[in-house]
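Notes follow the structure.
Numbering of ligands and ligand atoms starts at 1, following listing order. As a basis for the values below, the full set of heavy atoms in this structure was taken, side chains included, without hydrogen atoms, waters or symmetry mates. Predicted model, so just to flag it, every value in this text is computed and none were measured.
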Amino acid sequence: MSDEIIDRSRPGEIEKRAVKAITEADTVDALEEERIRYLGRKGEITELLRSVGRMPVEERPALGNIINNVKRRIEELLETRLEQLASEVQEEVPFPGDPTLPGRSGWQGGPHILHKVLRDVKRIFFGMGYSLAEGPDVELDYYNFEALNFPPDHPSRDLQDTFYINRDILLRTQTSPVQVRYMEKHEPPLRIISPGRVYRNESPDPSHASEFYQMEGLYVDTDVSLGDLRNDVTFFIRSFFGMDAKVRFRPHFFPFPEPSAEVDMSCFGCKGSGCQICGKAGWIEIMGAGMVHPHVFRYAGYDPDAYTGFAFGMGIERIAMLKYGIDDIRRFLANDLRFLRQFWTESWAGVVE
Ligand code: DAH
């Protein structure tokens, strides 16, 4: 046992070394190493305390006391030095910026330009007494073509234009099928608009996209005239583009209205004298329209001798492009924030309705 007797000067010697090492430790890691060296499971103080048990009984209390005092001193020193080092570390990293600048506000999106145009178009027609009707994007050939008086060999049915799912089912190429769907379920008088997405098997270019929006309009009653069509269409065009717009109907063929026409408005760029917007024509084509064909009434289950009606259809991207000077239809779906942001001039309030 005698070789295990602790030299009474040993605690003091350890303390001296520890104080020096701790004071000189200049990183948190170095300090931790010192803690382990003296107070760790196999640390010098820990070992020393352990060997107290092997000392003569009468010496144990005094020796234990001395070693515990050294231990406490080292613990205190370690703590103080750690605080010092921690505050030095903070001082080394200055606040990254000017704390007096105002903070950044949260990132906020805005309504898509098409959403806003659709809202404006809808508001104009709601004001004229139209209500909203909807139909499916995945449509039957029957509603998209047959009931709209498209003969079986009509070129619009060609695979070039239509995405067929099978022989009878397709992605609608126009919003006109909603006319027949709505008439099947409702009796005149009726006045509806039906905006929605349509699909065409087109190669994309600045004025063609394989999916875009159209809006159909339909008014049926006992004596609806071409004059009524002209009236509503003109009111819409003037409300949307400006009160000085002139409107003209140009004969054109569509299978489901008779007579049918394309509607032009006077160019807002040049007021009719010819510019880039209108391709020097002075007029801009806005929509297709006409009086509902008796065949379509029959398909819908209406008596064509009892009712008359008009219908019209327009491309929403097209009128948005004209009004806001957008040069390429593909921009609407490209999700380029630089483009979209230009139109975030108002908050969402009132846009989602
Ligand atoms: N659906 C036609 C198109 O996609 C547009 C159209 C023309 C709609 C005449 C109509 C109409 O309601 O009467 O080109």
Side-chain angles (χ1 to χ4, degrees), residues 121 125 128 130 132-137 139-151 154-158 160-163 170-183 188 190-202 207-221 224-234 236-237 247-265 284-297 299-300 302 304 307-319 321 329:
V121 171
F125 281 101
M128 286 191 264
Y130 286 76
L132 196 68
E134 281 181 329
D137 288 22
E139 184 55 284
L140 294 172
D141 179 278
Y142 174 79
Y143 287 109
N144 196 79
F145 290 132
E146 192 178 333
L148 289 171
N149 201 32
F150 281 78
H154 194 274
S156 302
R157 290 180 169 215
D158 196 296
Q160 288 279 317
D161 298 320
T162 309
F163 288 115
L170 43 75
L171 297 183
R172 66 177 175 185
T173 60
Q174 48 186 358
T175 44
S176 309
V178 182
Q179 289 186 27
V180 182
R181 281 186 175 275
Y182 194 84
M183 285 191 280
L190 56 89
R191 223 177 234 248
I192 52 146
I193 49 167
S194 184
R197 221 174 252 224
V198 300
Y199 306 84
R200 294 201 188 171
N201 193 2
E202 306 254 23
S207 49
H208 295 91
S210 47
E211 54 179 292
F212 55 98
Y213 280 82
Q214 279 192 346
M215 198 191 76
E216 196 73 10
L218 176 69
Y219 177 29
V220 182
D221 204 341
V224 177
S225 70
L226 208 54
D228 296 325
L229 169 61
R230 195 183 169 90
N231 215 50
D232 282 11
V233 160
T234 304
F236 163 71
I237 289 175
V247 175
R248 76 174 184 191
F249 279 54
R250 184 165 35 79
H252 192 87
F253 174 74
F254 294 100
F256 48 103
E258 174 58 38
S260 49
E262 274 186 342
V263 181
D264 296 340
M265 71 171 195
I284 298 172
E285 179 209 320
I286 290 294
M287 61 175 86
M291 303 304 290
V292 180
H293 199 294
H295 284 351
V296 177
F297 276 151
Y299 273 109
Y302 285 5
Y307 299 114
T308 52
F310 67 67
F312 55 87
M314 64 184 132
I316 300 299
E317 281 83 350
R318 179 165 168 76
I319 61 169
M321 288 167 79
I329 193 171

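Counting only non-hydrogen atoms, the option in Gly313, Pro177, Pro255 that gets closest to atom 8 (C) of ligand 1 is Gly313.
Here is the list of ligand 1 atoms found below 4.0 Å of a heavy atom in Ala311: 12 (O), 13 (O).
The protein heavy-atom contact nearest to atom 13 (O) of ligand 1 is Pro257 CG, 3.1 Å. Protein heavy atom in closest approach to atom 11 (C) of ligand 1: Phe256 CE1, 3.5 Å. Remark: minimum distance from atom 12 (O) of ligand 1 to any protein heavy atom is reached at Glu216 OE2, 2.6 Å. Scanning the protein heavy atoms around atom 2 (C) of ligand 1, the nearest turns out to be Gln174 OE1, 3.6 Å.
Contacts between Gln179 and ligand 1 below 4.0 angstrom, taking non-hydrogen atoms only, involve the side chain exclusively. Residue contacts with ligand 1 for Arg200 involve side-chain atoms from C-beta outward but no N, CA, C or O (heavy atoms, distance under 4.0 Å). Contacts between Gln214 and ligand 1, counted as non-hydrogen atom pairs separated by less than 4.0 Å, involve the side chain only.
In plain terms, the two heavy atoms of Tyr182 and Ala133 that are nearest each other are CD1-CB, 3.5 Å.
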Could you walk me through whether Gln214 and Gln174 pass side-chain hydrogen bond (donor to acceptor under 3.5 Å, both in side chains), step by step? CA-CA 7 Å; Gln214 279 192 346; Gln174 48 186 358; 5.9 Å; no
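By the salt bridge (Lys or Arg N to Asp or Glu O under 4.0 Å) test, Asp141 pairs with Arg157, sequence neighbours left out. The ring-ring contact (aromatic ring centres under 6.0 Å, His included) search around Phe297 returns Tyr302, not counting sequence neighbours.
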